[in-house]
Amino acid sequence: MTESDETRREVGTMLTERRVGLNPEWKNLAAFGRATGVNYKTLQRIEGGKPHKFSPGTLLELDRAYQFSPGTIEALLEGRSAPPTPPLMVPRGTRPPIETAHDPDVRLRDVHPLQEGELLEGWRHEDGRWHWLFVTVVNGRPETLRISAGAHEKPEDIAAEMRQEILKRR
């Protein structure tokens, strides 16, 4: 692995920003370690840009924790890759009960009616209403919105409504 001090610092800064962007409660590195199962010292080393020979298993563990594809952090440290686009997932521990109870009844990602980089998941309530999770990327940052809607509303209308709501927030 050929990595420079500057590259390690840049990767560390990017990972810190990513961690807090994934879940504001993870601004505390120890909380992130507990939630992901990654050793606190390992997280300190990678985010602090410290020289360290991470094992292949540790690098894969870090990819998982930061919600990257396998091999991403190694490529970043070697200067072979640009930072990936933000994730299209919301950590299970931060989801409301209906989302943690079971997988979504509807899951659309990067297909019509969604734009590239968007995710729409829906869970049907027992009363017929739906709980919707929408994730999009605005100015390079993930934005998430949840709403409840009637059974008659179409996914394309839900996505358009949620996209507009996120843009109004900005």
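Computed from a predicted model, the values in this text were never measured in an experiment. Along the sequence shown, residues carry numbers from 1.
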Distance check, rounded to the nearest 0.5 Å: [X] atom [atom1] versus [Y] atom [atom2]?
X	Y	atom1	atom2	value
Leu59	Ile73	CG	CD1	7.0 Å
Trp130	Ser148	CH2	OG	11.5 Å
Ile147	Arg129	CD1	CZ	9.0 Å
Leu62	Leu15	CG	CG	7.5 Å
Leu114	Phe134	CG	CZ	6.5 Å
Glu156	His112	CD	NE2	5.5 Å

(request) Report yes or no: does Trp123 contribute a side-chain atom to a donor-acceptor pair with the main-chain N or O of His102 at less than 3.5 Å? (result) yes

(message) Is it the case that the side chain of Glu118 and the backbone of Gln115 share a donor-acceptor pair, with hydrogens and angles ignored and the cut-off at 3.5 Å?
(response)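 A pair under 3.5 Å: yes.
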
Atom of [X], atom of [Y] and distance for their closest heavy-atom approach:
X	Y	answer
Gly33	Leu43	CA-CD1, 3.5 Å
Leu120	Pro155	CD2-O, 3.7 Å
Asp105	Arg124	OD2-N, 2.7 Å
Ile158	Ala149	CD1-CB, 3.6 Å
Ala151	Gly128	CB-O, 3.1 Å
Glu25	Ala31	O-CB, 3.9 Å

(message) Could you work out, with ring-ring contact (aromatic ring centres under 6.0 Å, His included) as the rule, every residue matching Phe32, not counting sequence neighbours?
(response)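 ring-ring contact (aromatic ring centres under 6.0 Å, His included) check on Phe32 returns Trp26, Tyr66.
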
Please list, chain by chain and in numerical order, all residues satisfying side chain to side chain donor-acceptor pair (under 3.5 Å) with [X], sequence neighbours excluded.
X	result
Thr16	Glu47
Thr36	none
Gln44	Tyr40
Arg45	none

List in chain and number order the residues that pass side chain to side chain contact (heavy atoms under 4.5 Å, CB included) with [X], two or more places apart in sequence or in another chain; answer none if no residue qualifies.
X	result
Glu6	Ser4, Arg9, Glu10
Thr13	Glu17
Asp157	Lys154
Val20	Lys27

(request) Flag the pair Arg8 / His52 as yes when at least one side-chain heavy-atom distance between them is below 4.5 Å, and no otherwise. (result) no

(request) Kindly indicate whether the side chain of Leu133, heavy atoms from C-beta on, has any atom under 4.5 Å from the side chain of Leu145. (result) no

(request) May I have the step-by-step check of salt bridge (charged side-chain N to carboxylate O under 4.0 Å, His left out) for Arg109 and Glu121, ending in yes or no? (result) CA-CA 9 Å; Arg109 179 187 226 159; Glu121 294 179 331; over 6 Å; no

(request) Verify the cluster assignment for Leu60 and Val38: are they in a single hydrophobic cluster under the rule of side-chain heavy atoms below 4.5 Å apart? (result) no

